[in-house]
Amino acid sequence: MDAINPKLLWEIFKHIQRWLANLNRAGEERQQQSRKALRNVIIAARETSVYVRQIQDTQQTDHATERHLAKYWTQLGFDLEDLGLNKLAKRCHITGKHWADPKFYTNDFLQKADISLERMETLAKQILLDIDKL
């Protein structure tokens, strides 16, 4: 995977900074909702990683698991949108759509969307650390 470009990193940083300022003004309930959604991103990334490893080991896919992952990532996208974490939400929606229909997006689009499981987990962890500093 290519390194994230400086412009995109700056946009993500500005978005997170604005979001954290709003979250700081929000009540404890909103902060807890944010923590839960971000932790669920980490859980989804790890669950997806295990499934990808299973595919690599067995060379077999499972539509039930893919249906679950499509639904889970899409729901996370909606949860994050509700909390104002739109950049991470968009990545979750793309991931959900990709699991629902792997041929929907081109490989070039997926590369540019930067939806690697590692990247999404890292972003979620970074935002969680920022919330804990509030």
For this session: Run through Leu85, Val41, Ile115 and flag the one making a side-chain contact (heavy atoms from CB on, under 4.5 Å) with Arg91.
Result: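 When Leu85, Val41, Ile115 are each tested with Arg91, the side-chain contact (heavy atoms from CB on, under 4.5 Å) holds only for Ile115.
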I'd like to check [X] versus [Y] (side-chain heavy atoms, cut-off strictly below 4.5 Å). Are they in contact?
X: Asp101; Y: Lys103; result: yes
X: Phe104; Y: Trp99; result: no
X: Asp57; Y: Gln54; result: no
X: Arg35; Y: Ile131; result: yes
X: Asn86; Y: Leu80; result: no
X: Thr74; Y: His93; result: yes
X: Arg46; Y: Ile42; result: yes

Exercise. With sequence neighbours left out, what residues match Lys36 under side-chain contact (heavy atoms from CB on, under 4.5 Å)?
Worked result: Asn40
For this session: Using the test side-chain contact (heavy atoms from CB on, under 4.5 Å), find all partners of Glu47 that sit at least two apart in sequence or belong to another chain.
Result: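 With sequence neighbours excluded, Glu47 shows a side-chain contact (heavy atoms from CB on, under 4.5 Å) to His68, Leu69, Tyr72, given in chain and number order.
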Rounded to the nearest 0.5 Å, what separation is found between the [atom1] atom of [X] and the [atom2] atom of [Y]?
X: Arg39; Y: Leu76; atom1: CZ; atom2: CG; result: 14.0 Å
X: Leu123; Y: Leu38; atom1: CG; atom2: CG; result: 10.0 Å
X: Asp62; Y: Arg67; atom1: CG; atom2: CZ; result: 8.5 Å
X: Leu83; Y: Ser34; atom1: CG; atom2: OG; result: 4.0 Å
X: Arg53; Y: Thr58; atom1: CZ; atom2: OG1; result: 11.0 Å
X: Ser116; Y: Gln111; atom1: OG; atom2: CD; result: 9.0 Å

Exercise. Among the clusters formed by ILVMFWY side chains lying less than 4.5 Å apart, do Val52 and Met120 turn up in the same one?
Worked result: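 Yes, same cluster.
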Problem set entry | Minimum-distance pair of heavy atoms, taken over all atoms of Ala100 and Ala70 | N-CB, 3.6 Å
For this session: Would you name the heavy atoms of Gly77 and Ala89 that are closest together and state the gap between them?
Result: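 Distance-wise, the nearest heavy atoms are O-CB, 3.3 Å.
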For this session: Could you tell me whether the side chains of Gln75 and Asp79 share a donor-acceptor contact shorter than 3.5 Å?
Result: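 Short answer, yes.
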Exercise. Does the side chain of Trp73 pick up a donor-acceptor pair with the side chain of Thr48 at under 3.5 Å?
Worked result: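 A donor-acceptor contact under 3.5 Å links the two side chains.
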Exercise. Among pairs that include at least one residue of residues 108-132, which meet ring pair (Phe, Tyr, Trp, His ring centres under 6.0 Å), considering only residues two or more places apart or in two chains?
Worked result: Tyr105-Phe109
